[in-house]
Amino acid sequence: MKYIKDTLDFKIEEPSVITLGKFDGLHTGHRYLMDAMQKGKEQGLKCVIFTFDIPPKAIHKDAYSVLSTNEEKAHIFAEAGVDYLVECPFTDEFRQLSPYAFLQMLKEKINVKMIVAGTDFHFGYQRSGTYRELQQYADDLGYEAVIVKKKQYKGEDISSTRIRARIAEGDMEEANYLLGYSYFLTGPVLHGNEIGRTIGIPTANQRPETFKLLPPKGVYAVKVLAEGKQYDGISNVGCKPTIEGINPMGVETFLFDYSGDLYGKDIRVSFLKFIRPEQKFGSLAELKAQMDRDILVCKKYLNAE
Ligand SMILES: Cc1cc2nc3c(=O)[nH]c(=O)nc-3n(C[C@H](O)[C@H](O)[C@H](O)COP(=O)(O)O)c2cc1C
Ligand SMILES: Nc1ncnc2c1ncn2[C@@H]1O[C@H](COP(=O)(O)OP(=O)(O)O)[C@@H](O)[C@H]1O
């Protein structure tokens, strides 16, 4: 997959099928669109995702935490068979374009033959363009418009917002069902306090970006992709209040059946089930005793899966 980012100066000459949007999480609803894209691909078109760069939370007060960071998205899209991921800076120039001008601009940059969109798709100045305009301009601009209905679960649309709400509640089972895969965090392993090894439970520490949505503070049964292999494991999400000092929010994972050095390496931690909330213990010994019990609960859950 080619990843075009941070520039408006690009051209895709190959005939393409394109879809546009944020695609936060690339959930099962988005996969409907991907299936329609696949049809274009079978006709020999390149598969292009056009997305805007995520605005950092600090700048936009109404911005929310995201299911997938730009880097995580790149992996998810590559796995889904996307040929080009265009991540465009959301400039004023873009904001001002009328729906028609927006599509013209797309045609200039990408050899668009087919556009796939959901019924709730909006584009152009103040989101004034809808799937109807997309259909209306199709002949004029020389593309086929493929409109896909929203997928539902329990009578309601599947959406990134709905999935974010489930994760914020710690309901990983429903979130993962709606996503179509287990919610994950990817990032490098950092150095911690080196206490883990002294109690026989070393933990690979990650510090996610502040705008990455995390499930509630607590202990989770997880699967880990590390050094190209899959491991079962257990994670704590939080600030480890038992340990003196101010600890930043992080994710610490003990991989079962692993020994080695993960410092500096990227690992993918997928959250399967909430086990218990994070607690402040009176001593490290009490914490260690609880962690041993957590590991038993976690292994039982993962082995039964
Ligand atoms: C299964 C598990 C459960 C944990 N639960 C808690 C907890 O309830 N409270 C807490 O303060 N820290 C908790 N932690 C974090 C530990 O305090 C941390 O892993 C330990 O201090 C080692 O940290 P280090 O990697 O910086 O050496 C937990 C860690 C794991 C792996
Ligand atoms: N089974 C394992 N699970 C997690 N980390 C492990 C494991 N075995 C070895 N390690 C290594 O040990 C480190 C964690 O040890 P720990 O004493 O908790 O140190 P730190 O406080 O720096 O995280 C990890 O970053 C990783 O490199």
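Each ligand, and each atom within it, is numbered from 1 in the order the structure gives.
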Going by the closest heavy atom to [atom], which one wins out of [options]?
{"atom": "atom 23 (O) of ligand 1", "options": "Lys288, Glu252, Lys280, His191", "result": "Glu252"}
{"atom": "atom 9 (N) of ligand 1", "options": "Glu286, Gln279, Arg197, Glu194", "result": "Gln279"}
{"atom": "atom 10 (N) of ligand 2", "options": "Gly260, Ala204, Gly264", "result": "Gly260"}

Polar atom proximity, [X] to ligand 2 (N or O, under 3.5 Å):
{"X": "His191", "value": "no"}
{"X": "Leu190", "value": "no"}
{"X": "Leu262", "value": "yes"}
{"X": "Ser259", "value": "no"}

By number and element, which atoms of ligand 1 are closer than 4.0 Å to a non-hydrogen atom of [X]?
{"X": "Gly192", "answer": "26 (O)"}
{"X": "Glu278", "answer": "7 (C), 8 (O), 9 (N)"}
{"X": "Asn193", "answer": "24 (P), 26 (O), 27 (O)"}
{"X": "Thr242", "answer": "9 (N), 10 (C), 11 (O)"}
{"X": "Ile243", "answer": "17 (O), 21 (O)"}
{"X": "Ile234", "answer": "1 (C)"}
{"X": "Asp294", "answer": "3 (C)"}
{"X": "Ile195", "answer": "27 (O)"}

Handout entry: Glu305 CD: over 12 foreign heavy atoms closer than 6.0 Å
Key =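 Yes, the 6.0 Å shell around CD holds more than 12 heavy atoms from other groups.
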
Side-chain donor/acceptor of [X] to backbone N/O of [Y], under 3.5 Å:
{"X": "Lys2", "Y": "Tyr84", "value": "no"}
{"X": "Ser65", "Y": "Leu213", "value": "no"}
{"X": "Ser16", "Y": "Ile18", "value": "no"}

How far is [atom] from the closest protein heavy atom, and which atom is that?
{"atom": "atom 28 (C) of ligand 1", "answer": "Asn236 CB, 3.4 Å"}
{"atom": "atom 3 (N) of ligand 2", "answer": "Leu255 N, 3.0 Å"}
{"atom": "atom 25 (O) of ligand 1", "answer": "Thr203 OG1, 2.7 Å"}
{"atom": "atom 18 (O) of ligand 2", "answer": "Thr203 N, 3.0 Å"}
{"atom": "atom 24 (P) of ligand 1", "answer": "Lys240 NZ, 3.6 Å"}
{"atom": "atom 21 (O) of ligand 2", "answer": "Glu194 N, 2.6 Å"}
{"atom": "atom 6 (C) of ligand 1", "answer": "Leu287 CD1, 3.4 Å"}
{"atom": "atom 12 (O) of ligand 2", "answer": "Pro202 CB, 3.8 Å"}
{"atom": "atom 22 (C) of ligand 1", "answer": "Gly196 N, 3.5 Å"}
{"atom": "atom 13 (C) of ligand 2", "answer": "Tyr263 OH, 3.6 Å"}

Name every donor-acceptor pair, under 3.5 Å, that has one atom in a side chain of residues 217-231 and the other anywhere in the protein, sequence neighbours excluded.
from   : atom 1 : to     : atom 2 : distance (Å)
Tyr220 : OH     : Pro216 : O      : 2.6
Lys223 : NZ     : Asp232 : OD1    : 3.0
Glu227 : OE1    : Tyr258 : OH     : 3.4
Glu227 : OE2    : Tyr258 : OH     : 3.1
Glu227 : OE2    : Lys265 : NZ     : 2.7

Handout entry: Residue-ligand contact Ile201/ligand 2, heavy atom below 4.0 Å
Key =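 Distance cut 4.0 Å: Ile201 fails for ligand 2.
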
When you group the ILVMFWY residues by side-chain heavy-atom contacts below 4.5 Å and let the links chain together, are [Y] and [X] in the same group?
{"X": "Val269", "Y": "Ile167", "value": "yes"}
{"X": "Leu67", "Y": "Tyr32", "value": "yes"}
{"X": "Leu272", "Y": "Leu179", "value": "no"}
{"X": "Tyr263", "Y": "Val251", "value": "yes"}
{"X": "Val17", "Y": "Leu106", "value": "no"}

Backbone, side chain, both or neither: what part of [X] comes under 4.0 angstrom of ligand 1, heavy atoms only?
{"X": "Leu284", "result": "neither"}
{"X": "Met291", "result": "side chain"}
{"X": "Ile199", "result": "neither"}
{"X": "Val219", "result": "side chain"}

Exercise for the section: Mark yes or no: Lys109 above the aromatic ring of Phe10, with NZ or CZ under 6.0 Å from the six-membered ring centre and no more than 45 degrees from the axis. Expected result: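 Yes, Lys109 lies over the aromatic ring of Phe10.
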
Exercise for the section: Quick one: pull up CG in Leu287 and CD1 in Ile195 and give me the separation to the nearest 0.5 Å. Expected result: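 With rounding to 0.5 Å, CG (Leu287) is 9.0 Å from CD1 (Ile195).
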
Exercise for the section: Check the pair His122 / Thr130 against side-chain contact (heavy atoms from CB on, under 4.5 Å), numbers first and verdict last. Expected result: CA-CA 5 Å; His122 291 270; Thr130 69; 4.1 Å; yes

Problem - 4.0 Å heavy-atom contact, Arg276 with ligand 1 - result: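 Yes, Arg276 has a heavy atom closer than 4.0 Å to ligand 1.
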
Exercise for the section: Scan side-chain atoms only and decide if Asn111 and Glu14 contain a donor-acceptor pair under the 3.5 Å cut-off. Expected result: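 No donor-acceptor contact under 3.5 Å links the two side chains.
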
Exercise for the section: Classify the ring geometry between Phe23 and His30 as parallel (under 30°), tilted (30 to 60°) or perpendicular (over 60°). Expected result: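 Because their plane-to-plane angle is over 60°, the rings of Phe23 and His30 count as perpendicular.
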
Exercise for the section: Return the orientation label for the Phe123 and Phe102 ring planes: parallel under 30°, perpendicular over 60°, tilted otherwise. Expected result: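 Tilted: the ring planes of Phe123 and Phe102 meet at 30° to 60°.
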
Problem - His27 and Ser160, any side-chain heavy atoms less than 4.5 Å apart - result: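 Touching, per the 4.5 Å side-chain cut-off.
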
